[in-house]
Amino acid sequence: MSKKKKEKRTGIGGQAVMEGVMMRGRRSMATAVRDPEGVIQIESERLIPPEKRSKFSQLPFVRGVGNFISSLVTGNRILMRSADVSMTDADTPTKAEKWLEEKHKINVSGFLNVLSVLLGVVLALAIFIWLPQTLASLLPEPYFNAQSAGLPGLWFNLMEGGMRLLIFVLYILLISLIPSLKRVFMYHGAEHKTITCYEQGKALTVENVRPCSRVHDRCGTTFLFIVMIVSILVFSLLNVGLARTNLYTANQTANRFIRIVFKVLSLPVVAGVSYEILRLLSKTKSKFFIIFKFPGLLLQRLTTREPSDDMIECAIAAFDMVLKMDADPTIPEKVFATPGKMTALLKNTKKRFDDNGIDEDEAEWIFSIVLDIPKSEVASTERILKVAQAKEIIRIADERLTGRPLWYIIGDTSFCGYTVKVDERVLIPRPETEEMAMMVVSAAEEGQSILDLCTGSGAIAIAVAKELEKRKIKAKIVASDISEDALQLAGENAEANDAEITFVQSDLFEKIRGKFDIIVTNPPYIPSAEIVKLQREVKDYEPRLALDGGADGLDYYRRIATEGLKHLARGGMLIMEVGIGEAQDVVKLFANSKVYSMVAKDFNGVERYVKIMS
């Protein structure tokens, strides 16, 4: 006999949006939307967890009001964002949108969001408060009397509440006939099925989610039904209070206005009480309470539809993202790739980078590369991004937020103006190393031989070869590295740049033959214990073989001091890049040799280079 899986409880709730689903947990929220190309896009953000909110906002009834307002505003914002992703309109804004933004500095998207919330509130008040009250006022007196504090007033409010509930059901039935909203109801079903599947302890797969129930205890539809019922009670008590305080006048129009105003003012009470009832009902499985749950669950049959498999995939994607983000605070937020202003996405990308300890300057590099514009112009340039451009920018930014270095993601970098491919086989060449390469170029003469020791990507050797070629100086250039993988990439870079270089696989000077007029090297110089303290993009991605310089970072310099001078021609020069604070220690390694030593600083004023002249 199979053992029944233990039911899981989750606080994750959701909302159907245009062509997708939003899921909300304790610490994060994620929306998954399928774009016109059929790709699921995900936008996620971190939330302030309940334990970090003010104690007042967590009080019973108060929390219901806060959640109601938050759900209204956030839900509408997410709905608008999902429409931006799912709609198939052109990638450029209309002339009216451009005019509003340029002439009046009005953010069209934000303006429409606020306007839609206001219109939604007005429409809800008109349909669910004004209309049922107006219809109830047509009932014959004295059996139905809104101004009565007795039985006629009670009957009036019961009839008004019944009409409100009927209007609500009819409203749902009517909007379900709209094709786009019918799809929203299908996504609503996918949301419920996914949450139910998880709570049943099953793996979140389309096959497991598909047969699950599309109704759920914590649904917003059930909440709205409870609101309708609670409002009847609250409005009835309110009506009695108004009648007994003689606030009503002989003018029926004025009386209707008074009732509407006080009903609006009492909505926070209705929302607070309804929220607590919903919490209570969702936490119990007692059959005694099924009578209270049943009407809401029945109503969900109208607001949900059986979803297709691709809709279920969206719901699972959103739910999975919330699970991961709630469990791991290091997972970065994500944004939708939508057409829009370049500056808006640039600002968002910089914020995401800054929040995760990444230099904002890298965000400008991404825009520069994707849009093919100079980096210096990125901050001052405005253009409308197409979806494809936004997607590529976000793809690169998302991967960068995992910790992988930007230039590994791009696949190449610029070194002294030459493009060199880089990946996890080699270090990413730094600007300081460019200075050292140019020192070699300045010192080189016709017919000399030059050795690039620990070449890595081949950047130094390539830059020297090409710059000497420009100066019409012929030189023999040899580049070596212990790593076969690094040499393979260096060879590809030399070929791509049409640079004539001889490559040798060698552990420093082990397989090097002959003497050289100039030896240049940027060997590993990070002390072993310091590597774990480096930025994650360095310690987790760049090859340790090219970083680890031994206990004090000087292991390779000791070998160079012992073996290197044997391969340095008379009057030759050895140029070495060193770590911060290592220059003087490296100079001391050559103290017993008959050579001349000097230290040079980089553009930051750091003693970065040691020159040895024989």
Side-chain angles (χ1 to χ4, degrees), residues 2-17 19-34 40 42 44 67 71 75 78 82 172 176 182-226 274-275 277-327:
S2 61
K3 192 174 182 179
K4 188 177 180 181
K5 287 183 177 292
K6 186 178 180 181
E7 184 177 281
K8 296 182 182 179
R9 298 295 296 175
T10 178
I12 297 177
Q15 170 188 330
V17 296
E19 295 303 321
V21 173
M22 179 273 281
M23 294 287 188
R24 181 179 182 128
R26 287 175 60 83
R27 297 177 176 82
S28 63
M29 177 172 67
T31 307
V33 177
R34 195 175 294 276
I40 295 178
I42 297 178
S44 60
N67 284 336
S71 297
I78 296 299
S82 68
I172 291 174
S176 67
K182 183 178 179 180
R183 288 186 62 81
V184 171
F185 286 178
M186 292 171 72
Y187 276 106
H188 191 192
E191 172 224 325
H192 284 186
K193 283 173 175 282
T194 300
I195 295 173
T196 300
C197 181
Y198 177 80
E199 291 181 334
Q200 289 177 355
K202 300 176 183 176
L204 288 180
T205 64
V206 173
E207 291 72 21
N208 286 342
V209 170
R210 193 187 299 124
C212 291
S213 173
R214 71 173 198 258
V215 299
H216 197 279
D217 287 351
R218 291 185 286 111
C219 177
T221 305
T222 300
F223 174 72
L224 290 177
F225 178 80
I226 295 173
S274 300
Y275 179 79
I277 293 174
L278 181 66
R279 276 176 59 93
L280 175 65
L281 293 178
S282 66
K283 287 183 177 182
T284 178
K285 295 295 181 181
S286 172
K287 293 182 179 180
F288 173 78
F289 289 97
I290 193 66
I291 190 173
F292 300 103
K293 294 182 180 183
F294 183 74
L297 297 177
L298 186 64
L299 200 57
Q300 285 182 48
R301 294 289 177 181
L302 299 179
T303 62
T304 62
R305 294 285 188 274
E306 284 297 323
S308 58
D309 287 354
D310 61 330
M311 293 176 174
I312 292 174
E313 288 173 354
C314 272
I316 291 174
F319 194 93
D320 275 342
M321 179 57 70
V322 170
L323 276 181
K324 291 173 183 175
M325 291 185 71
D326 274 7

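The basis for the numbers below is simple: all heavy atoms, side chains too, and nothing from hydrogens, waters or symmetry mates.
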How close do Ile40 and Ala32 get, heavy atom to heavy atom, and via which atoms?
-> CG2-CB, 3.9 Å
Heavy atoms of His192 and Cys219 approach each other most closely as CE1-SG, 3.2 Å
Between Asn208 and Ala203, the two heavy atoms sitting closest are ND2-O, 2.8 Å
Hey, could you give me the NZ/CD distance between Lys202 and Glu207, rounded to the nearest 0.5 Å?
-> 12.0 Å
Rounded to the nearest 0.5 Å, the CD1 atom of Ile172 sits from the CG atom of Leu224 at a distance of 7.5 Å
Starting at OG of Ser213, measure out to CD1 of Ile195 and round the result to the nearest 0.5 Å.
-> 11.5 Å
Minimum-distance pair of heavy atoms, taken over all atoms of Tyr187 and Val17 = CD1-O, 4.3 Å
Would you say Arg305 and Ser176 make side-chain contact, with heavy atoms under 4.5 Å?
-> yes
For the pair Arg301 and Arg214, evaluate side-chain contact (heavy atoms from CB on, under 4.5 Å) and give the outcome as yes or no after the intermediate values.
-> CA-CA 8 Å; Arg301 294 289 177 181; Arg214 71 173 198 258; 3.9 Å; yes
Looking just at side-chain N and O atoms, do Ser82 and Glu19 make a donor-acceptor pair shorter than 3.5 Å?
-> no
For a quick test of your reading: what N or O donor-acceptor pairs under 3.5 Å do the side chains of residues 23-30 make, sequence neighbours left out?
from  : atom 1 : to     : atom 2 : distance (Å)
Arg26 : NH2    : Glu51  : OE1    : 2.7
Arg27 : NH2    : Glu51  : OE2    : 2.9
Ser28 : OG     : Asp326 : OD1    : 2.8

Measuring from Leu204:CG to Ile312:CD1, what's the distance to the nearest 0.5 Å?
-> 11.0 Å
Given side chains that start at C-beta, do those of Leu323 and Tyr198 come closer than 4.5 Å, heavy atoms only?
-> yes
Nearest heavy-atom pair of Gln200 and Cys212: which atoms, and what distance?
-> OE1-SG, 3.7 Å
The residue among Leu278, Ile277, Asn67 that forms side-chain contact (heavy atoms from CB on, under 4.5 Å) with Phe223 is Leu278
Check against side-chain contact (heavy atoms from CB on, under 4.5 Å), Leu297 and Gln300 = CA-CA 5 Å; Leu297 297 177; Gln300 285 182 48; 3.6 Å; yes
Scan for salt bridge (charged side-chain N to carboxylate O under 4.0 Å, His left out) pairs involving residues 186-195, sequence neighbours excluded, and state none if there are none.
-> Lys193-Glu306
Thr221 meets the side-chain hydrogen bond (donor to acceptor under 3.5 Å, both in side chains) criterion, sequence neighbours left out, with Thr303
OG/Ser308 to CZ/Arg210 distance, rounded to the nearest 0.5 angstrom?
-> 10.0 Å
Of all heavy-atom pairs linking Asp310 and Arg34, the shortest is O-NH2, 3.0 Å
